[in-house]
**Student:** 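Sharing a structure below in structure tokens format, with a few things to ask.
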Amino acid sequence: MNAAFLERAMHEAGELASLPQTFAEVLRVLRDERSSADQLARVLMKDPPLTAKVLRMANSPIYGTGQKIGSMIQAIRVLGDRQVTALALSTTVYDMTQDWLSSLDRMRFWRHALETAIASRMIGESLGRKSTEELFLAGLLHDLGLLVLEKMEPKEFARIWNEAGKEGGFVGMEYQLWGTTHAEIGGYLLRKWYLPEGICQPVDQHHNGAILDQTEPDLVPSQILMLGHMISKFTIAPERELNTDALLATESLRSALGIPAGQLVDIERDLTSTTMAEADYLEMNIGTIDDLLLEANRLLFEQSVAAERLANENLRLRRRLQKQQADAESVT
Ligand SMILES: [Fe+2]
Ligand SMILES: [Fe+2]
């Protein structure tokens with residue numbers, strides 16, 4: 001980790017490093033154990049457009065509360081303070097990054113983020129974990145460091161982004177160039193915002209290959225996010241291809257987390273339609289249904305090509321092993 005670079009990143013990222021005033025207050029109220037639902041509602045209501053959005057989301061059929069939620073305090077009582085904060089934070093960060101100049105395709109960025117958020121939440125639910133809204137937020141914010149880096153070093157960023165689009169290995173290039181990665185920058189930024197460690201640590205670790213097959217309970221949220229990111233079909237870079245390493249990494253994470261293969265297939269199957277539905281109620285622009293279906297089909301095709309490549313490689317290795325055994329037997 002390059003601490004000086006991280007500090008500079010926070011400094012130069014300007015408005016990114018500091019959340020809007022309302023939100024900083026929301027997080028302060030949440031940290032204070034003596035604070036009440038009333039206090040949280042009062043702080044959130046200082047921002048009327050945010051309040052209106054949260055109420056629209058709280059009334060969406062996705063929550064199926066069966067009641068008409070007409071006020072912030074009611075939303076907090078019905079959905080819980082963490083859920084309401086998660087909704088408010090999602091929309092705050094989404095809105096504040098919308099008008100930054102960027103060579104990254106913002107629609108693709110949020111599409112991947114939202115899909116990863118939903119995948120991580122679904123994986124968490126399938127494992128019976130409690131704080132699934134933290135997993136959702138970790139997913140939504142996991143690549144935020146990319147936007148910071150891009151803002152900070154636009155030329156170098158564009159160069160390695162394009163290079164990696166063809167060759168892969170973006171994270172290695174970041175490390176070589178800056179001694180840190182977008183994952184570490186994202187984790188650092190979220191810690192500056194005083195978000196819980198259950199969000200910061202997974203963001204920080206989401207490209208750390210060393211945790212793939214660990215069975216440490218503390219690493220589970222990080223592994224869930226990593227798996228959520230791996231099974232996200234919508235990538236940020238349009239030309240990025242799936243490779244066999246990604247399939248092997250997915251398999252290691254699945255088995256380390258103890259998720260039955262069939263269960264992960266079910267999650268992957270529902271991911272695209274759930275992402276489309278939730279983008280709608282979160283009021284995020286992630287493209288038209290046609291775009292999404294086209295993209296999902298393209299990636300499914302790539303996945304099957306990668307799987308075939310892996311099967312061929314296995315067969316080749318097995319044949320080589322058999323031949324070596326036969327040769328060894330003929331010698332003895
Ligand atoms: Fe990433
Ligand atoms: Fe990602």
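Just so we're clear, the structure is a prediction, and the values are computed from it rather than from any experiment.
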**Student:** Determine whether L137 and L195 make a side-chain contact, defined as any pair of heavy atoms from C-beta on separated by less than 4.5 Å.
**Tutor:**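 Of all side-chain heavy-atom pairs linking L195 with L137, none is under 4.5 Å.
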**Student:** Is any side-chain heavy atom of R191 less than 4.5 Å from a side-chain heavy atom of D204?
**Tutor:**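 They are in side-chain contact.
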**Student:** Using side-chain heavy atoms (C-beta onward) and a distance below 4.5 Å, is L264 in contact with M122?
**Tutor:**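 Not touching, per the 4.5 Å side-chain cut-off.
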**Student:** M72 and L55: which non-hydrogen atoms are nearest, and at how many Å?
**Tutor:**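 Heavy-atom minimum between the residues: N-CD2, 3.9 Å.
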**Student:** With side-chain contact (heavy atoms from CB on, under 4.5 Å) as the test, would you mind laying out the steps for K46 and E25 before giving the verdict?
**Tutor:** CA-CA 10 Å; K46 283 186 189 170; E25 255 181 86; 2.7 Å; yes
**Student:** Examine the side chains of E7 and Y188 and answer whether a donor and an acceptor come within less than 3.5 Å of each other.
**Tutor:**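 Indeed, the side chains of E7 and Y188 share at least one donor-acceptor pair under 3.5 Å.
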**Student:** To the nearest 0.5 Å, what is the distance between CD (Q201) and CG (L219)?
**Tutor:**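 These two atoms lie 6.5 Å from each other.
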**Student:** Write down the atom of T215, the atom of A256, and the distance for their closest heavy-atom approach.
**Tutor:**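 Reported closest heavy-atom pair: CG2-O, 4.2 Å.
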**Student:** Please tell me if the side chains of Q223 and V220 come closer than 4.5 Å, counting only heavy atoms from C-beta onward.
**Tutor:**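 A side-chain contact exists here, since the closest heavy-atom pair is under 4.5 Å.
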**Student:** Is the backbone of A183 close enough, under 3.5 Å, to the side chain of T181 for a donor and an acceptor to pair up by distance?
**Tutor:**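 Yes, because the side chain of T181 sits within donor-acceptor range (under 3.5 Å) of the backbone of A183.
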**Student:** Under 4.5 Å between side-chain heavy atoms, counting indirect links through other Ile/Leu/Val/Met/Phe/Trp/Tyr residues: same cluster for M96 and L147 or not?
**Tutor:**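 Yes, M96 connects to L147 through the hydrophobic network.
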**Student:** Give me the one residue out of V203, I236, T116 that meets side-chain contact (heavy atoms from CB on, under 4.5 Å) with D143.
**Tutor:**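 The single option meeting the side-chain contact (heavy atoms from CB on, under 4.5 Å) with D143 is I236.
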**Student:** In plain terms, say whether R159 and E153 are close enough for a salt bridge, that is, a side-chain N and a carboxylate O under 4.0 Å apart.
**Tutor:**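 Salt bridge between R159 and E153, a charged N being under 4.0 Å from a carboxylate O: no.
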**Student:** For residues M226 and Q205, report the shortest heavy-atom separation together with the two atoms involved.
**Tutor:**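 The answer is SD-O, 4.2 Å.
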**Student:** Considering only heavy atoms from C-beta outward, does the side chain of L140 approach that of M284 to under 4.5 Å?
**Tutor:**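 The answer is yes, as the side chains (C-beta and beyond) meet within the 4.5 Å cut-off.
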**Student:** Which value, rounded to the nearest 0.5 Å, describes the distance between I267 atom CD1 and L227 atom CG?
**Tutor:**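 I267 atom CD1 to L227 atom CG measures 8.0 Å (nearest 0.5 Å).
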**Student:** Mind checking whether F170 and H182 have parallel, tilted or perpendicular rings, split at 30° and 60°?
**Tutor:**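 Ring orientation, 0 to 90° scale: tilted.
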**Student:** When you look at CD of Q325, are more than 12 heavy atoms from neighbouring residues, nucleotides or ligands closer to it than 6.0 Å?
**Tutor:**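 Result for CD/Q325: enclosed.
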**Student:** Are Y94 and L144 linked, directly or through intermediate hydrophobic residues, by side-chain heavy-atom contacts shorter than 4.5 Å (ILVMFWY only)?
**Tutor:**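 Cluster IDs for L144 and Y94 match.
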**Student:** Are any of the side-chain heavy atoms of K68 and Q74 separated by less than 4.5 Å?
**Tutor:**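 A side-chain contact under 4.5 Å is absent here.
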**Student:** Between S120 and G139, which heavy-atom pair has the shortest distance, and what is it?
**Tutor:**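 Heavy-atom minimum between the residues: OG-CA, 4.5 Å.
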**Student:** Hydrophobic cluster membership, with links at side-chain heavy-atom distances under 4.5 Å among I/L/V/M/F/W/Y: are L30 and L141 in one?
**Tutor:**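 L30 and L141: one cluster.
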**Student:** Go through the steps for E184 and T180 under the test side chain to side chain donor-acceptor pair (under 3.5 Å), then give the verdict.
**Tutor:** CA-CA 6 Å; E184 287 182 352; T180 187; 2.6 Å; yes
**Student:** With clusters defined by side-chain heavy atoms of hydrophobic residues (ILVMFWY) lying less than 4.5 Å apart, directly or transitively, does Y175 cluster with M173?
**Tutor:**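 Different clusters: M173 never reaches Y175 through Ile, Leu, Val, Met, Phe, Trp or Tyr contacts under 4.5 Å.
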**Student:** Closer than 3.5 angstrom, by distance alone: can the side chain of S35 be matched with the main-chain N or O of V29 as a donor-acceptor pair?
**Tutor:**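 Yes, S35 side chain to V29 backbone: donor-acceptor pair under 3.5 Å.
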**Student:** Has E150 got a side-chain atom pairing as donor or acceptor with L104's backbone, closer than 3.5 angstrom?
**Tutor:**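 Confirmed, E150 side chain pairs with L104 backbone.
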**Student:** Would you check if W110 and V93 make a side-chain contact, meaning some heavy-atom pair closer than 4.5 Å?
**Tutor:**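 Yes, close enough: below the 4.5 Å cut-off.
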**Student:** Where the side chain of N285 meets the backbone of G287, is there a donor-acceptor pair that is under 3.5 Å apart?
**Tutor:**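 Checking the backbone N and O of G287 against the side chain of N285, a donor-acceptor pair under 3.5 Å is found.
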**Student:** Hey, what do you get for CD1 (I123) to CZ (R254), rounding to the nearest 0.5 Å?
**Tutor:**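 The CZ atom of R254 is 11.5 Å from CD1 of I123, to the nearest 0.5 Å.
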**Student:** What is the minimum heavy-atom distance between L271 and K233, and which atoms define it?
**Tutor:**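 Closest approach of L271 to K233, heavy atoms only: CB-NZ, 4.4 Å.
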**Student:** Minimum heavy-atom separation for D270 and S273, please, with both atom names.
**Tutor:**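 In this case the closest contact between D270 and S273 is O-OG, 3.2 Å.
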**Student:** Give, for atom CD1 of I160 and atom CH2 of W178, the distance between the pair rounded to the nearest 0.5 Å.
**Tutor:**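 If we round to the nearest 0.5 Å, I160:CD1 and W178:CH2 are 4.0 Å apart.
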**Student:** Tell me if a side-chain donor or acceptor on S252 pairs with a main-chain N or O of L248 at a distance below 3.5 Å.
**Tutor:**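 Side chain of S252 to backbone of L248: a pair is present.
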**Student:** Any side-chain donor-acceptor pair under 3.5 Å between H142 and H112?
**Tutor:**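 Yes, H112 and H142 have a side-chain donor paired with an acceptor closer than 3.5 Å.
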**Student:** Under 4.5 Å between side-chain heavy atoms, hopping through other hydrophobics if needed: is there a path connecting V171 to I211?
**Tutor:**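 Different hydrophobic clusters.
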**Student:** Do D38 and R42 meet the salt-bridge criterion of a basic N to acidic O distance under 4.0 Å?
**Tutor:**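 No, no charged N to carboxylate O under 4.0 Å.
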**Student:** Any ion pair linking R121 and E278 (charged N to carboxylate O, less than 4.0 Å)?
**Tutor:**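 Judged by the 4.0 Å cut-off on N to carboxylate O distance, E278 and R121 do form a salt bridge.
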**Student:** With side chains defined as the heavy atoms from C-beta onward, is the minimum distance between V54 and L44 less than 4.5 Å?
**Tutor:**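 The answer is no, as the side chains (C-beta and beyond) never meet within the 4.5 Å cut-off.
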**Student:** Report the C-alpha distance between R28 and D32 in whole Å, list the side-chain angles of each, state the deciding distance to 0.1 Å, and finish with yes or no for salt bridge (Lys or Arg N to Asp or Glu O under 4.0 Å).
**Tutor:** CA-CA 6 Å; R28 196 178 43 72; D32 182 354; 5.9 Å; no
**Student:** Could you tell me whether the side chain of R111 and the main chain of F234 form a donor-acceptor pair under 3.5 Å?
**Tutor:**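 Looks like no, no N/O pair under 3.5 Å.
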**Student:** Test side-chain contact (heavy atoms from CB on, under 4.5 Å) on Y194 and L27 and set out the steps.
**Tutor:** CA-CA 7 Å; Y194 299 107; L27 292 174; 5.5 Å; no
**Student:** Given L146 and F157, is the side-chain contact (heavy atoms from CB on, under 4.5 Å) satisfied, shown in steps?
**Tutor:** CA-CA 9 Å; L146 286 177; F157 183 90; 4.0 Å; yes
**Student:** Between D95 and K53, does the side-chain contact (heavy atoms from CB on, under 4.5 Å) criterion hold? Intermediate values first, please.
**Tutor:** CA-CA 11 Å; D95 285 348; K53 254 188 163 181; 3.4 Å; yes
**Student:** Let me confirm one number: the CG-CG distance from L253 to L225, rounded to the nearest 0.5 Å.
**Tutor:**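 The distance works out to 10.0 Å.
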**Student:** With rounding to the nearest 0.5 angstrom, report the CG to CD1 distance, D266 to I259.
**Tutor:**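 So the CG of D266 and the CD1 of I259 are separated by 11.5 Å.
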